[in-house]
Amino acid sequence: AVFGQAAYTFDDRLEVSAGLRLETVESRRESEMIDPLFFFGGNSTNSGVKTTSGASPMAGVSWKWNEEQRTYFRYSTGFQPGDIASASHIVAGAETEYEEQTSYNFELGHKASYFDRRLTINPVLFYTHYDNYQAFVDMGLPGLPLTAVFNAESAHAMGAELQVVAEPIDGLRLASNLGVQEAVYDRFSFGGGTYDGFDIPNIPAYSLRNSVSYRHSLGGGKAVVGMLECNVTGNYEFDQKNTGSQDAYTLFNARVGYEWARSGVYLFGANLLDEAYLPNGYADFPPGTFRGTPAAPQTLGVEFRTKF
């Protein structure tokens with residue numbers, strides 16, 4: 001891959017930037033599936049080499065209102081290389097490879113700080129269009145967590161984010177990050193079904209990340225630290241058919257510790273209220289039901305860190 005970027009500022013207020021990334025990716029696959037019961041038509045092999053190349057330009061412009069306020073707009077493209085498809089093992093007549101995914105990204109944001117940078121507020125609006133979106137498809141085989149990648153002709157994601165960080169006193173940091181988004185297949189057909197307008201699986205409709213952290217210096221490079229998090233994840237779908245979903249859930253995490261020099265020891269707790277949820281799910285029997293690997297339960301422990 002080769003990447004270059006340049007920026008120029010006019011009158012210390014207007015900044016224009018542009019960049020370009022060129023890359024070539026070669027994928028090789030040598031695999032064999034043993035299927036003595038002929039669930040998928042018997043034993044089969046899947047091998048090959050696929051080379052994909054892409055160019056990802058970007059351009060941006062920003063306006064500095066003053067030393068604490070800046071508004072920017074950025075356009076960029078993304079490139080996800082294609083590969084040899086595992087789906088040819090699972091679906092008779094499936095394509096032996098899937099194509100590269102291209103994304104077109106638009107972002108409008110504002111960065112603001114107040115009270116000598118003790119408060120920052122950063123709102124963002126974004127929109128992304130995808131061509132040949134690489135969709136991970138649940139093959140719908142009850143009890144078998146089999147997925148394969150297929151290209152959806154097009155898809156999009158759009159939403160907004162708001163980040164707020166406050167440091168009202170030295171050592172105390174309050175942070176909150178709210179995100180809402182829509183991620184949808186615009187044009188996608190697979191296995192005789194059409195999923196235009198369906199939600200893309202495993203992308204939450206919203207998220208909220210809140211944290212409070214404090215560091216009290218004891219002098220001589222020593223300090224007492226503490227942190228509390230409250231993270232909310234919105235509902236999301238399990239599969240491309242939108243037939244099963246995970247409801248919204250909230251996780252609480254905490255950490256307290258003692259640091260000295262380049263080391264530290266900490267007591268920590270993750271998922272303190274022992275919230276049960278599925279990070280992802282797959283089709284089960286009877287049809288219409290789902291199963292998955294449960295997320296980590298309440299976890300308590302001690303951690304030691306050091307830097308060399």
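Heavy atoms only: backbone and side chains are in, while hydrogens, waters and symmetry mates are out.
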query = Is the closest basic N to carboxylate O distance between Glu303 and Arg255 below 4.0 Å?
reply = yes

message = Please determine whether a side-chain nitrogen of the Lys or Arg among Asp170 and Arg118 lies less than 4.0 Å from a carboxylate oxygen of the Asp or Glu.
response = yes

request  = Report yes or no: do Asn105 and Thr128 form a side-chain donor-acceptor pair below 3.5 Å?
outcome  = yes

task = Say whether Ser176 and Asn210, considering side chains only, have a donor N or O and an acceptor N or O under 3.5 Å apart.
result = yes

request  = Please lay out, stage by stage, how Tyr114 and Ile121 fare under the test side chain to side chain contact (heavy atoms under 4.5 Å, CB included).
outcome  = CA-CA 9 Å; Tyr114 305 91; Ile121 301 176; 4.0 Å; yes

message = Set out, in order, the CA-CA distance, both residues' side-chain angles and the distance that settles side chain to side chain contact (heavy atoms under 4.5 Å, CB included) for Ser17 and Met58, then state yes or no.
response = CA-CA 8 Å; Ser17 60; Met58 64 80 62; 4.3 Å; yes

[X] vs [Y] side-chain heavy atoms within contact, under 4.5 Å:
| X | Y | result |
| --- | --- | --- |
| Ser245 | Asn235 | no |
| Leu278 | Phe238 | yes |
| Glu100 | Asn132 | no |
| Phe198 | Val184 | no |
| Arg117 | Phe115 | no |
| Tyr104 | Thr77 | yes |

Is the side chain of [X] donor-acceptor paired with the backbone N or O of [Y] at a distance under 3.5 Å, no angle test?
| X | Y | result |
| --- | --- | --- |
| Asp12 | Thr9 | no |
| His110 | Arg70 | yes |
| Asn242 | Asp199 | yes |
| Asn66 | Glu68 | yes |
| Glu153 | Arg187 | no |

key: Residues which pass side-chain hydrogen bond (donor to acceptor under 3.5 Å, both in side chains) with Glu15, listed by chain and number, not counting sequence neighbours   = none

query = What closest approach, in Å, do Gln134 and Pro81 show between heavy atoms, and which atom pair accounts for it?
reply = NE2-O, 3.0 Å

Side-chain polar contacts of residues 259-270 - donor-acceptor pairs under 3.5 angstrom, sequence neighbours left out - could you list them?
residue : atom : partner : partner atom : Å
Glu259  : OE1  : Arg215  : NH1          : 2.3
Glu259  : OE2  : Tyr266  : OH           : 2.7
Arg262  : NE   : Lys307  : O            : 3.3
Ser263  : OG   : Thr306  : OG1          : 2.7

Side-chain donor-acceptor pairs of residues 226-234 under 3.5 Å, sequence neighbours excluded:
residue : atom : partner : partner atom : Å
Glu229  : OE1  : Asn253  : ND2          : 3.1
Thr233  : OG1  : Arg209  : NH2          : 3.4

request  = Check the pair Leu218, Val224 against side chain to side chain contact (heavy atoms under 4.5 Å, CB included), reporting the backbone distance first and the verdict last.
outcome  = CA-CA 7 Å; Leu218 301 176; Val224 175; 3.9 Å; yes

request  = Kindly determine whether Trp63 and Leu14 satisfy side chain to side chain contact (heavy atoms under 4.5 Å, CB included), including the steps that lead there.
outcome  = CA-CA 5 Å; Trp63 179 262; Leu14 177 65; 3.9 Å; yes

ask   = Is the distance between the ring centroids of Tyr185 and Tyr195 less than 6.0 Å?
value = no

query = Relative to the ring of Tyr8, is the ring of Phe10 parallel (under 30°), tilted (30 to 60°) or perpendicular (over 60°)?
reply = perpendicular

